Colleague: 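Sharing a structure below in structure tokens format, with a few things to ask.
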Amino acid sequence: MCGALTPTEVVAALECGAAAVKVFPAGVHGPGYFRELLAPLPTAPLVAVGGVDAARAPEYLAAGARAVGVGSPLLGEAGTGGPQEALAARARDLLAAVRPTGPLAGPSVPGPASATGVDR
């Protein structure tokens with residue numbers, strides 16, 4: 001995956017054979033920028049990274065990003081000894097925010113209880 005910000009950089013990354021292009025920092029321009037990039041490059045596989053959190057991730061996906069990368073907003077203080085429970089809660093929130101819905105969503109990933117075949 002190559003990184004880019006400008007349309008010229010996105011095209012250059014694709015011409016180099018990138019399977020996806022990381023648009024960083026995505027938060028500088030927001031989801032609307034992805035719509036603008038994709039207007040002339042509708043098949044470009046763009047990944048929003050930088051400034052993306054659980055609240056904004058669905059907006060980037062709706063704007064055409066194929067995926068999002070979430071670092072600091074997900075990790076929080078867990079990397080420096082912060083509470084793991086808070087990290088787990090942020091991860092759950094992120095997954096809930098980006099989980100597809102509707103007829104094309106496919107099967108959901110079972111949680112620990114249903115993975116054992118026991119519903120609680």
Side-chain angles (χ1 to χ4, degrees):
M1 179 174 0
C2 291
L5 183 60
T6 68
T8 301
E9 293 169 341
V10 170
V11 169
L14 295 172
E15 287 175 348
C16 287
V21 181
K22 174 178 76 171
V23 177
F24 179 87
V28 168
H29 298 293
Y33 185 62
F34 282 72
R35 286 185 200 87
E36 297 297 326
L37 282 174
L38 290 166
L41 304 167
T43 60
L46 304 179
V47 179
V49 179
V52 180
D53 59 15
R56 301 285 315 265
E59 297 173 28
Y60 284 99
L61 296 171
R66 300 267 180 98
V68 295
V70 181
S72 298
L74 176 62
L75 187 60
E77 296 178 3
T80 57
Q84 297 297 305
E85 297 80 16
L87 171 61
R90 287 189 296 276
R92 279 191 301 275
D93 291 345
L94 177 62
L95 289 173
V98 299
R99 184 170 290 123
T101 60
L104 301 178
S108 62
V109 177
S114 59
T116 61
V118 177
D119 284 330
R120 295 183 184 170

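Reckoned from all heavy atoms, side chains included, excluding hydrogens, waters and symmetry mates. All values derive from a computational prediction rather than experimental measurement. For reference, positions follow the sequence shown, starting with 1.
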Colleague: Are Val49 and Phe34 joined in one hydrophobic group, where the rule is that I, L, V, M, F, W and Y side chains link up if heavy atoms are under 4.5 Å apart?
Modeller: no
Colleague: Between Arg66 and Thr43, which heavy-atom pair has the shortest distance, and what is it?
Modeller: NH2-O, 3.1 Å
Colleague: Same cluster for Phe24 and Val11 if Ile/Leu/Val/Met/Phe/Trp/Tyr side chains link at under 4.5 Å?
Modeller: no
Colleague: Taking all heavy atoms of Val52 and all of Ala26, pick out the closest pair and write down the distance.
Modeller: CG2-CB, 4.3 Å
Colleague: Closest heavy-atom contact between Tyr60 and Ala48?
Modeller: CD2-CB, 3.6 Å
Colleague: Do Leu14 and Cys2 have side chains that approach each other closer than 4.5 Å (heavy atoms only, starting at C-beta)?
Modeller: no
Colleague: Quick check: does any side chain N or O of Glu9 sit under 3.5 Å from a backbone N or O of Thr6, one acting as donor and the other as acceptor?
Modeller: yes
Colleague: So, for Ala4 and Val21, which heavy atoms are closest and what is the spacing to 0.1 Å?
Modeller: CB-CG1, 3.6 Å
Colleague: State yes or no: do Leu46 and Leu61 share one hydrophobic cluster built from I, L, V, M, F, W and Y residues joined by side-chain heavy-atom distances below 4.5 Å, directly or via other members?
Modeller: yes
Colleague: Which heavy atom in Leu37 sits nearest to a heavy atom in Pro7, and how many Å separate them?
Modeller: CD2-CG, 3.7 Å
Colleague: Would you check if Pro73 and Arg90 make a side-chain contact, meaning some heavy-atom pair closer than 4.5 Å?
Modeller: no
Colleague: Rounded to the nearest 0.5 Å, how far apart are NZ of Lys22 and CG of Leu5?
Modeller: 11.5 Å
Colleague: For Gly30 and Arg56, work out which heavy atoms get closest and say how close.
Modeller: CA-NH2, 4.0 Å
Colleague: Given 3.5 Å as the limit, does a donor-acceptor pair link the side chain of Tyr33 with the main chain of Val23, or not?
Modeller: no
Colleague: For the CG atom of Leu95 and the CG atom of Leu74, what is their distance to the nearest 0.5 Å?
Modeller: 8.5 Å
